[in-house]
Structures are given as C-alpha cells and as structure tokens.
Amino acid sequence: MIDAVAAGAEAAGFATLWAGEHVVMVDDGASRYPYAPDGRIAVPAQADWLDPLIALSFAAAVTSTIRLATGVLLLPEHNPLLLAKQVASLDALSHGRLSLGVGVGWSREEFDALGIPFERRGARADEYLAAMRTVWRDDVASFAGEFVSFTGVRVNPRPVRDRRIPIIAGGNSDAALRRAARFADGWYGFNLEGAEHVRERLERLHHACGQAGRDPAELDVAVALAGDGPHDHERLAALGVDELVLVGSPPADPGAVKPWLARLASA
C-alpha cells in the first residue's frame with residue numbers, strides 16, 4: 001500500500017509525504033491528547049503505527065521527486081547517535097529529500113513503557129538536536145551535555161545537503177513555537193481550528209523569532225487543519241503558510257488509492 005500511495009501522490013503533484021510516530025499506545029491512558037478539545041486521540045490504540053523512517057524508506061524507493069518528512073518523530077524517545085545515523089541514511093538513499101519533523105510527545109504512558117523520563121523531555125529534545133547536528137557536521141565529533149555525551153566519534157553517512165537535514169519543530173504550544181524559533185528550520189502546526197487559529201499561532205511564532213533574533217521568513221511553515229472540508233488556501237498562503245498537510249488513512253484496496261488522492265487534492 002505504501003508504494004501505491006507514494007507513487008500516486010508523486011504523480012498527482014503532492015509536495016511531501018508525511019509520516020507520524022508512536023512506539024506504543026495504551027488502551028486506557030490518563031495522558032491528555034493536546035490536539036483535540038476532548039483530550040482524546042481519535043486513532044484507536046490497536047491501529048497499526050508503522051515506524052516512520054522505515055515507512056518513508058519504502059516510499060523513497062518507489063519515488064524520485066516528492067519530499068519526505070516525519071510528522072512528527074518523538075525525539076526524546078530515541079538515542080540521538082542512532083537516530084542521526086538512521087536519518088542521514090534515509091536522506092542519502094532518497095538523494096536529500098528528507099526533512100526531520102520532531103516533537104516532544106504527550107503520552108506519559110509511552111515514555112514510561114520505554115523507560116525514558118517524561119519530565120524535562122523538551123530540554124532532552126533540544127540537546128539531542130544539538131548533538132545530532134554536531135555529528136552530521138563534524139568529521140570527528142564530541143559533545144558534552146546533560147543527557148548525552150560522547151568523544152571523538154564518527155557517524156556516517158552524512159546528510160546530502162551541506163551536512164544538514166532540515167529540522168521541523170512540531171506542536172502548537174508556546175514551547176513548541178519557541179523551539180521552532182530557536183532551533184529549527186520550520187514549524188508544523190497540527191489539527192489547528194481553521195485559518196484564524198493559524199493566524200494566532202503564527203503571530204506567536206513571529207514574536208518568538210523576534211526574541212530569538214531570527215527573521216520569521218527563515219522558517220518554512222506547514223499546517224494541518226482540523227476537519228476534512230475545503231480550506232481557504234489563499235488566506236493560508238497570505239498568512240505565510242508554505243504547505244497544507246492533509247491527514248488521512250489510505251484505503252485498504254490499492255485500486256482505490258487514485259480516487260482517494262484526488263479527493264484529498266480537492267480539499
């Protein structure tokens with residue numbers, strides 16, 4: 001199914017294939033899902049969650065031009081050296097088409113199952129980003145931090161584009177916007193309630209960029225909106241949105257992929 005969706009999306013002119021992540025889900029968790037008014041994730045716990053890097057590698061093998069992005073990968077749940085190698089490998093195999101969308105996670109139960117502290121996960125994510133960029137940049141890399149330290153290591157291959165992979169900070173909170181402004185190449189807002197919500201979050205992002213001494217124009221902006229009706233593309237573009245992400249599960253029948261993609265394209 002991935003091959004049919006990836007090839008069909010490329011042929012239809014879609015810009016990017018996005019893939020999200022959860023390592024584990026629980027049937028009756030107490031953690032609040034931040035992207036729905038009722039605090040509950042709509043995806044059932046028994047749903048298949050393919051690993052995004054493996055899924056995007058499969059997609060890369062059957063495409064040549066469409067961009068690839070994790071939307072989002074939960075960075076604090078990963079060893080940063082292992083992840084740096086995996087991400088750079090996919091970037092090399094896709095000839096530089098990958099962007100790494102990252103978030104800090106919201107499910108305490110998921111972190112508990114993985115044996116990773118839920119507290120200070122934002123600080124852990126920020127340090128992991130710095131460590132990953134160090135091993136991508138330096139032939140022989142060293143890093144000393146609170147959460148990760150290493151000395152004199154080589155991590156190959158290197159990213160295709162000047163030893164960098166675009167980092168997209170995901171999340172709608174003020175903390176996520178500050179992370180985008182301070183550390184990222186873009187921002188991904190998820191399940192926003194229409195153009196007005198986008199406008200308000202972008203104003204906050206611009207304020208965070210000012211505090212960080214950055215020009216907001218340096219950031220690529222992608223958003224996914226709540227609901228599946230038609231969207232005001234012109235207003236979103238005028239607000240500064242570069243890419244509208246359409247979230248959906250493909251049909252089980254490969255023969256139904258083409259009309260499903262056509263419906264998405266008309267949203």
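Note that the structure is a prediction, hence the values are computed from the model and not measured.
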**Report entry** Close side-chain approach of I167 to F183, heavy-atom, < 4.5 Å
**Finding:** no
Report task. Go through the side-chain N and O atoms of H78 and E21 and say whether any donor and acceptor fall under 3.5 Å apart. Result -> yes
Report summary line: In short, G105 meets R121 closest at the heavy-atom pair O-NE, 3.0 Å
Query - Flag side-chain contact, heavy atom, 4.5 Å: E243 against W18 - result: yes
Report summary line: When every non-hydrogen atom of R201 is compared with those of D174, the smallest separation belongs to NH1-OD1, 2.8 Å
Requested in this report: Give the cluster check for V155 versus L73: same hydrophobic cluster or not, with ILVMFWY residues linked at side-chain heavy-atom distances below 4.5 Å.
Outcome: yes
Query - Cationic N near anionic O, under 4.0 Å, R67 to E10 - result: no
Requested in this report: Indicate yes or no: at least one non-hydrogen side-chain atom of F111 is less than 4.5 angstrom from one of L74.
Outcome: no
Report summary line: A224 and V247 have their tightest heavy-atom pair at CB-CG2, 3.9 Å
Query raised in the report: With distance as the sole test, does T134 use its side chain to make a donor-acceptor pair with the main-chain N or O of A141 at under 3.5 Å?
Result: no
Query - Donor-acceptor contact below 3.5 Å, side chain N172 vs main chain F190 - result: yes
Report task. Could you give me the CA-CA distance, side-chain angles and deciding distance for V102 and V72, then say whether side chain to side chain contact (heavy atoms under 4.5 Å, CB included) is met? Result -> CA-CA 5 Å; V102 299; V72 293; 5.5 Å; no
Requested in this report: Let me see the working for E127 and R120 under salt bridge (Lys or Arg N to Asp or Glu O under 4.0 Å), right down to the final yes or no.
Outcome: CA-CA 11 Å; E127 188 173 293; R120 304 200 66 230; over 6 Å; no
Requested in this report: Without swapping roles, check the side chain of D232 against the backbone of R235 for a donor-acceptor pair under 3.5 Å.
Outcome: yes
**Report entry** Between CG on residue L56 and CG on residue L93, distance to nearest 0.5 Å
**Finding:** 12.0 Å
Report task. Please tell me if the side chains of W187 and V223 come closer than 4.5 Å, counting only heavy atoms from C-beta onward. Result -> yes
**Report entry** Shortest non-hydrogen contact between R204 and L177, atoms and distance
**Finding:** CG-CD1, 3.4 Å
Query - Interatomic distance, L53 atom CG to L90 atom CG [nearest 0.5 angstrom] - result: 6.0 Å
Report summary line: Rounding to 0.5 Å, atoms CZ (F58) and CG (L17) come to a distance of 13.0 Å
Query raised in the report: Got a donor-acceptor contact below 3.5 angstrom from the S94 side chain to the A60 backbone?
Result: no
Requested in this report: Measure centre to centre between the rings of W106 and Y35, then say whether the value is under 6.0 Å.
Outcome: no
Requested in this report: Report the C-alpha distance between R108 and E119 in whole Å, list the side-chain angles of each, state the deciding distance to 0.1 Å, and finish with yes or no for side chain to side chain contact (heavy atoms under 4.5 Å, CB included).
Outcome: CA-CA 9 Å; R108 178 181 289 273; E119 289 75 20; 2.8 Å; yes
Report task. Output the distance between atom OG1 (T16) and atom CG (L68), rounded to the nearest 0.5 Å. Result -> 8.0 Å
Query raised in the report: Are L192 and L244 connected in the hydrophobic side-chain network, where two residues link if heavy atoms are under 4.5 Å apart?
Result: yes
Requested in this report: Begin from the C-alpha positions of V87 and W136 and carry the test side chain to side chain contact (heavy atoms under 4.5 Å, CB included) through to its verdict.
Outcome: CA-CA 10 Å; V87 169; W136 288 334; 3.9 Å; yes
Requested in this report: Give a yes or no on whether the backbone of G29 and the side-chain of E109 come within a donor-acceptor separation of less than 3.5 Å.
Outcome: no
Query raised in the report: Mind checking whether M132 and I116 sit in one hydrophobic cluster, side chains of I, L, V, M, F, W, Y counted as touching below 4.5 Å?
Result: no
**Report entry** Nearest-0.5 Å distance that lies between atom OG in S107 and atom CE in M25
**Finding:** 7.5 Å
Report summary line: With L75 as partner, the option from V104, L129, L100 fulfilling side-chain contact (heavy atoms from CB on, under 4.5 Å) is L129
Query raised in the report: Under a 4.5 Å cut-off applied to non-hydrogen side-chain atoms, are R214 and H206 in contact?
Result: no
Query - Check: A222 main-chain N/O paired with D242 side-chain donor or acceptor under 3.5 Å - result: no
Requested in this report: Taking all non-hydrogen atoms of both residues into account, name the closest pair between A180 and L205 and its distance.
Outcome: CB-CD1, 4.1 Å
Query raised in the report: Which distance, rounded to the nearest 0.5 Å, do you find between the SG of C209 and the CD of E218?
Result: 7.5 Å
Query raised in the report: Is there a side-chain contact between V43 and H22, using heavy atoms and a 4.5 Å cut-off?
Result: no
Requested in this report: Salt-bridge test for D139 and R154: reply yes if a basic N is under 4.0 Å from a carboxylate O, no otherwise.
Outcome: no
Query raised in the report: Could you walk me through whether D185 and R133 pass the salt bridge (Lys or Arg N to Asp or Glu O under 4.0 Å) check?
Result: CA-CA 13 Å; D185 303 291; R133 281 174 162 160; 3.3 Å; yes
Requested in this report: Is it possible for you to say whether F118 and I41 belong to one hydrophobic cluster, with membership spreading through side-chain heavy-atom contacts below 4.5 Å?
Outcome: no
Requested in this report: State, yes or no, whether a side-chain contact exists between R164 and P159 at a heavy-atom distance under 4.5 Å.
Outcome: no
Query raised in the report: Taking it one step at a time, do R179 and D126 satisfy side chain to side chain contact (heavy atoms under 4.5 Å, CB included)?
Result: CA-CA 8 Å; R179 178 168 296 105; D126 295 345; 2.6 Å; yes
Report task. Answer yes or no: does atom CG of D215 have more than 12 heavy-atom neighbours from other residues, nucleotides or ligands under 6.0 Å? Result -> yes
Query raised in the report: Above 12 or not: heavy atoms from other molecules or residues under 6.0 Å from NE2 of H233?
Result: yes
Report task. List the steps, then state whether side-chain hydrogen bond (donor to acceptor under 3.5 Å, both in side chains) holds for N156 with R158. Result -> CA-CA 5 Å; N156 293 317; R158 303 307 173 90; 2.7 Å; yes
**Report entry** V135 and L81, any side-chain heavy atoms less than 4.5 Å apart
**Finding:** yes
**Report entry** Any donor-acceptor N or O pair under 3.5 Å, side chains T63, R97
**Finding:** yes
Query raised in the report: Salt-bridged, R124 to E146, with N to O below 4.0 Å?
Result: no
Query - Joint cluster assignment, F147 & F143, ILVMFWY side-chain distance < 4.5 Å - result: yes
**Report entry** D91/R161 ion pair, N-O < 4.0 Å
**Finding:** yes
Query - Closest heavy-atom pair and its distance - A7, V62 - result: CB-O, 4.2 Å
